[in-house]
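Notes to accompany the following structure.
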Amino acid sequence: MRTRGLFTRVALVLGLVFLYVPIISMIVFSFNNSRLVTVWDAARSPTLKWYGVLVHNEQILAAAWLSIRIAVVAASAAVVLGTLAGVALARFGAFRARLLLAGMVTAPIVMPEVITGLSLLLMFVALEQLIGWPKGTGAVTIALAHITFCMAYVTVVVQSRLAGFDESLEEAAMDLGARPLKVFFRITLPLILPAIASGWLLAFTLSWDDLVITQFVAGPGSSTLPMVVFSKVRFGVTPDVNALATILVLLVATGIAVSTVWMRYQQRRRERDLQLAAAANL
Amino acid sequence: MSSEVPPPAAAGSAPDSAYVRIRDVSKKFGDFAAVDHVSLDIRRGEIFCLLGGSGSGKTTLLRMLAGFEAPTTGSIEIEGQDLSRVPPYERPVNMMFQSYALFPHMSVEKNVAFGLEQEHLGRDAIRRQVGEILDIVKMGDFGARKPHQLSGGQRQRVALARALVKRPKLLLLDEPLAALDKKLREHTQFELLNIQQRLGVTFIVVTHDQEEAMTLGTRLGVMNQGRIVQVGTPSDIYESPATRFVADFIGSVNMFAGEVYANGGEGLCIRSADLGCTVRAERATGGAQGATVWTAIRPEKIQITRAAQAAGPPAAENTASGTVKEIAYMGDMSIYLVRLDSGSMVRVTLPNVLRGTERPIAREERVALSWHGSSPVVLTE
């Protein structure tokens with residue numbers, strides 16, 4: 001820390017500029033009074049005008065509400081399915097078709113989104129013809145598609161968490177008389193809960209801002225927030241999009257700040273516990 | 001091959017009969033036999049130590065007793081009840097894991113209570129039994145702590161308490177002391193013996209540490225490559241090893257190849273070129289004339305004396321002469337490495353009985369080695 005060279009300092013500044021200048025300029029322009037996004041109206045700025053426009057824009061509010069509902073449903077369902085798949089991959093040893101499951105579960109991560117979206121759309125159309133469900137495309141198909149690719153990420157997170165902790169914990173519980181289902185709910189689940197929580201957040205974020213796959217499986221009247229923003233931006237950026245983006249950035253930044261503080265607190269508590277244990281060493 | 005449970009009277013009439021009976025158990029992983037036709041009888045209330053190096057199959061055998069692995073062939077019985085098809089959560093067997101496997105998200109009390117909760121005991125009964133067992137392992141004041149707030153020795157006690165609280169018919173211990181430092185180990189060893197005697201639970205201990213096995217075990221089973229090589233009391237195994245592997249694995253030993261030239265009433269006479277003398281092993285009987293055998297002599301059973309100035313080659317039996325090459329002073333004893341006139345090296349240990357001997361044997365000094373006729377062990381395999 002003491003011997004920071006000139007190069008390191010320059011690299012740091014450039015890195016920060018590269019990452020944050022676009023975001024900061026967007027935030028600044030959200031308070032601009034002018035209709036033109038790139039012209040700063042110095043006389044009558046800053047103003048909260050665009051925030052006012054935003055809260056009266058029914059289309060954006062409806063899209064945001066739909067996105068939140070889809071993200072909650074998709075994240076929750078993906079967590080259940082992804083946890084099951086992660087446990088199977090990490091704990092069931094070398095069962096038949098294990099490789100197939102591992103490949104299929106993680107396919108959405110490596111597959112181009114266009115292909116995932118297209119194949120899901122084809123499947124939904126075929127399903128409707130065969131069994132009459134789902135009826136057309138809309139919120140249901142978007143949620144199903146989101147569950148599919150979110151599950152992949154949850155599986156990876158849960159599996160790596162399980163690989164990191166000692167299998168003898170589960171064996172010990174079984175040895176003490178707990179049946180496998182009880183072992184899962186009393187031992188395995190509490191231990192992977194942090195992974196499940198971060199998997200849920202990850203899935204929520206992925207679902208919240210997915211555009212490509214969503215466009216394939218969305219129907220009339222089921223536009224999510226990214227779709228609305230994207231279609232607005234195509235005809236030129238309007239300042240109310242800036243305002244919307246600023247609100248989202250603020251929400252995310254608050255979330256990160258809270259989780260950082262909480263993790264610091266946990267870390268400090270763990271260090272104190274370790275010192276306590278060392279002091280009690282007999 | 002009957003799997004019927006024998007009537008209790010039969011078990012009662014022969015108190016010395018096997019409490020745990022392992023019959024011809026094998027475990028194969030693919031083509032590899034981790035445990036290879038092992039049969040063992042374990043008595044009630046004893047501490048049986050399974051001793052072997054890594055990959056000897058001792059842990060696999062333990063895991064089959066716990067029910068985590070199913071034997072490929074053979075059966076395991078406790079008090080005449082066949083356990084081969086009983087899942088781990090229904091066996092009257094508990095295990096203390098090498099890593100202790102304490103549940104990190106539960107307090108000490110909750111960890112210990114976990115086993116009792118599975119039996120749906122009342123809350124008061126559970127609390128009383130948990131308190132009792134924590135007092136026995138001297139962890140009564142730490143019930144509210146989480147495992148990561150405990151030291152290694154404390155965790156070991158909690159793991160022991162958790163495994164004992166259900167009063168299993170058989171307690172399995174996987175390397176119970178391996179994670180502790182040396183000072184703590186010795187202390188814990190005796191405490192473990194104390195607790196075992198107090199509760200009278202039958203212990204099976206798996207370890208790679210022969211010292212641990214010797215101090216803990218009432219009987220040892222030495223394993224090598226999936227097989228039980230020898231079963232006996234610690235002194236049986238140390239003083240009368242059955243094979244070269246056992247002799248070498250337990251303690252240190254000097255081993256010399258030789259040829260039997262007489263098998264008389266006063267023991268076996270062996271001529272050894274390696275040793276450069278003849279050996280009379282009074283206790284040995286087997287071995288046909290002309291057979292190649294190995295003579296094993298423990299380092300502490302050899303006397304070392306300063307040679308009378310350059311005497312001629314000693315013609316006597318059970319003596320050899322050589323030159324001291326290395327001396328390692330260990331405090332309580334000294335180790336001498338002696339190069340015999342035949343060229344082989346011999347290890348001799350001598351307790352330092354007197355404080356500051358006037359003129360100790362020094363390096364490069366000529367010495368005579370001798371041993372009592374009862375000391376050599378003759379091994380054929």
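In what follows, every chain begins at residue 1, and chains take the letters A, B, ... in the order their sequences are listed. Values below: every heavy atom of this structure, side chains too, minus hydrogens, waters and symmetry copies.
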> With a 6.0 Å cut-off on ring centres, are B:F190 and B:H187 close enough?
Replying inline: no
>> Quick test of your reading of the model: are B:R63 and B:D174 salt-bridged, counting only N-O distances below 4.0 Å?
In response: no
> Hey, is B:E90 close enough to A:R179 for a salt bridge, meaning N to O under 4.0 Å?
Replying inline: yes
> Which atoms of A:D175 come close to chain B, meaning under 4.5 Å heavy atom to heavy atom: side chain ones, backbone ones, both, or neither?
Replying inline: both
>> With a 4.5 angstrom heavy-atom cut-off, is it the side chain or the backbone of A:R272 that approaches chain B, or both, or neither?
In response: neither
> Given that the side chain runs from C-beta out, which part of B:L102 has a heavy atom under 4.5 Å from chain A: side chain, backbone, both or neither?
Replying inline: backbone
> In terms of heavy-atom proximity below 4.5 Å to chain A, should B:M96 be classed as side chain, backbone, both, or neither?
Replying inline: neither
> Does B:R162 make a cation-pi contact with B:F103 (under 6.0 Å, within 45 degrees of the axis)?
Replying inline: yes
>> Suppose a student defines contact as a heavy atom less than 4.5 Å from any heavy atom of chain B. Which residues in residues 187-203 of chain A would they list?
In response: A:I187, A:P190, A:L191
> Do the side-chain N and O atoms of B:H208 and B:S56 include a donor-acceptor pair separated by under 3.5 angstrom?
Replying inline: no
> Without hydrogens or angle criteria, can the side chains of A:S168 and B:S99 be said to hold a donor-acceptor pair below 3.5 Å?
Replying inline: yes
>> Does A:F165, at its CZ atom, have more than 12 non-hydrogen atoms belonging to other residues, nucleotides or ligands within less than 6.0 Å?
In response: yes
> Looking at B:E119, B:Q118, B:R155, which makes the most heavy-atom pairs under 4.5 Å with chain A?
Replying inline: B:Q118
>> Check the orientation of A:W208 and A:F204. Use parallel for under 30°, tilted for 30 to 60°, and perpendicular for over 60°.
In response: parallel
